[in-house]
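Report on the following structure.
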Amino acid sequence: MSLQPGESLTTHRFGIQIDGVGLEYLQSISGYKTTQDVIELKQNSANGKPVIKKMPGGQQAGEVTVVYGVTSSRAFYEWHKLSQNGNMGAARKNATVIFYDSLGAPVKRYHLTQAWCSNVTPGDVRAGEASALTETATIVYEDLVPE
């Protein structure tokens, strides 16, 4: 690994794999996180003093937003179509967000388990504007496991 002591990864070298297949031409990945509910218990002590306790609740599922340049690839559209058609056995896949060091070696991974594509949204277009066409895909997942 090319990181020196005290250096941090940069955010411009990243990728995503769906069931081990890397997808190309990504613009951004956002929203991946692991969360759980917080239970707040309010009680009174034996002498009537209010006591508040915060306790961990159930784990929540999450979602990731992926923005990518439109190419001839139909990977996200086909993945989304599986869930639209009710084929959840095929739609649920494992995804991995990968960060690379400056030499291109993978350094950090976030595994998204039981993930599926819940929507694909074409980007906005405007007459006279010179910009790349993008699409945005939302990937929902049941658990996020950092490595």
Side-chain angles (χ1 to χ4, degrees), residues 1-43 51-147:
M1 176 169 63
S2 65
L3 290 178
Q4 299 300 310
E7 287 184 335
S8 178
L9 285 172
T10 58
T11 61
H12 68 282
R13 295 197 61 141
F14 62 91
I16 190 167
Q17 292 181 346
I18 310 299
D19 271 353
V21 177
L23 300 178
E24 298 178 351
Y25 308 111
L26 302 178
Q27 184 175 351
S28 68
I29 302 173
S30 61
Y32 52 98
K33 63 181 179 178
T34 179
T35 60
Q36 70 183 83
D37 294 325
V38 176
I39 299 168
E40 185 174 273
L41 177 63
K42 295 180 180 182
Q43 305 178 91
V51 176
I52 299 174
K53 290 286 186 187
K54 297 231 180 206
M55 302 174 296
Q59 179 179 330
Q60 294 181 4
E63 66 181 45
V64 169
T65 302
V66 178
V67 180
Y68 52 94
V70 174
T71 66
S72 60
S73 172
R74 296 174 45 89
F76 279 107
Y77 175 78
E78 295 298 334
W79 189 19
H80 179 52
K81 211 60 178 150
L82 292 171
S83 64
Q84 282 186 320
N85 293 336
N87 189 355
M88 293 309 293
R92 291 184 191 276
K93 300 177 182 294
N94 292 315
T96 304
V97 177
I98 306 168
F99 291 91
Y100 301 94
D101 66 15
S102 60
L103 298 176
V107 178
K108 180 77 174 171
R109 298 174 193 266
Y110 293 93
H111 301 287
L112 314 173
T113 61
Q114 296 297 302
W116 52 279
C117 185
S118 66
N119 72 56
V120 176
T121 306
D124 294 337
V125 295
R126 290 178 187 83
E129 185 174 295
S131 61
L133 180 60
T134 61
E135 289 181 337
T136 301
T138 301
I139 302 170
V140 296
Y141 57 89
E142 293 179 4
D143 194 15
L144 179 137
V145 181
E147 176 187 308

As an exercise, state the distance from [atom1] of [X] to [atom2] of [Y], rounded to the nearest 0.5 Å.
X	Y	atom1	atom2	result
R13	L103	CZ	CG	7.5 Å
R92	T113	CZ	OG1	10.0 Å
Y77	C117	OH	SG	11.5 Å
T96	I16	OG1	CD1	8.0 Å

Can you run down the salt bridge (charged side-chain N to carboxylate O under 4.0 Å, His left out) pairs that involve [range], sequence neighbours left out, and say none if there aren't any?
range	answer
residues 25-34	none
residues 112-138	R126-E129
residues 64-80	R74-E78

Residues passing the side chain to side chain contact (heavy atoms under 4.5 Å, CB included) test with Y25, sequence neighbours excluded, are T71
Which residues satisfy the side chain to side chain contact (heavy atoms under 4.5 Å, CB included) test with T34, sequence neighbours excluded?
L144
Taking N85 for the side chain and N87 for the main chain, is one N or O donor matched with an acceptor at less than 3.5 Å?
no
Exam field: side chain D19 to backbone N94, donor-acceptor pair closer than 3.5 Å:
yes
Could you work out, with side-chain hydrogen bond (donor to acceptor under 3.5 Å, both in side chains) as the rule, every residue matching T138, not counting sequence neighbours?
N119
Looking only at heavy atoms, which two atoms of [X] and [Y] are closest? And how far apart?
X	Y	result
V140	S118	CG1-OG, 3.8 Å
W79	K93	NE1-CD, 3.5 Å
A90	L82	O-CD1, 3.7 Å
A115	A95	CB-CB, 4.4 Å
I98	P106	CG2-CB, 3.8 Å

Let me check something: any side-chain donor-acceptor pairs from residues 51-64 under 3.5 Å, sequence neighbours excluded? List them with distances.
unit_1 : atom_1 : unit_2 : atom_2 : d
K54    : NZ     : E40    : OE1    : 2.9
Q59    : NE2    : D143   : OD1    : 2.7
Q60    : OE1    : T35    : OG1    : 3.2
Q60    : NE2    : D37    : OD1    : 2.4

A side-chain contact here means heavy atoms from C-beta on lying under 4.5 Å apart; do P146 and R109 qualify?
no
Sequence neighbours excluded, every pair satisfying ring-ring contact (aromatic ring centres under 6.0 Å, His included) that has a member inside residues 54-75
Y68-F76
Not counting sequence neighbours, list each pair that qualifies as a ring-ring contact (aromatic ring centres under 6.0 Å, His included) and has a residue in residues 104-135.
Y32-Y110
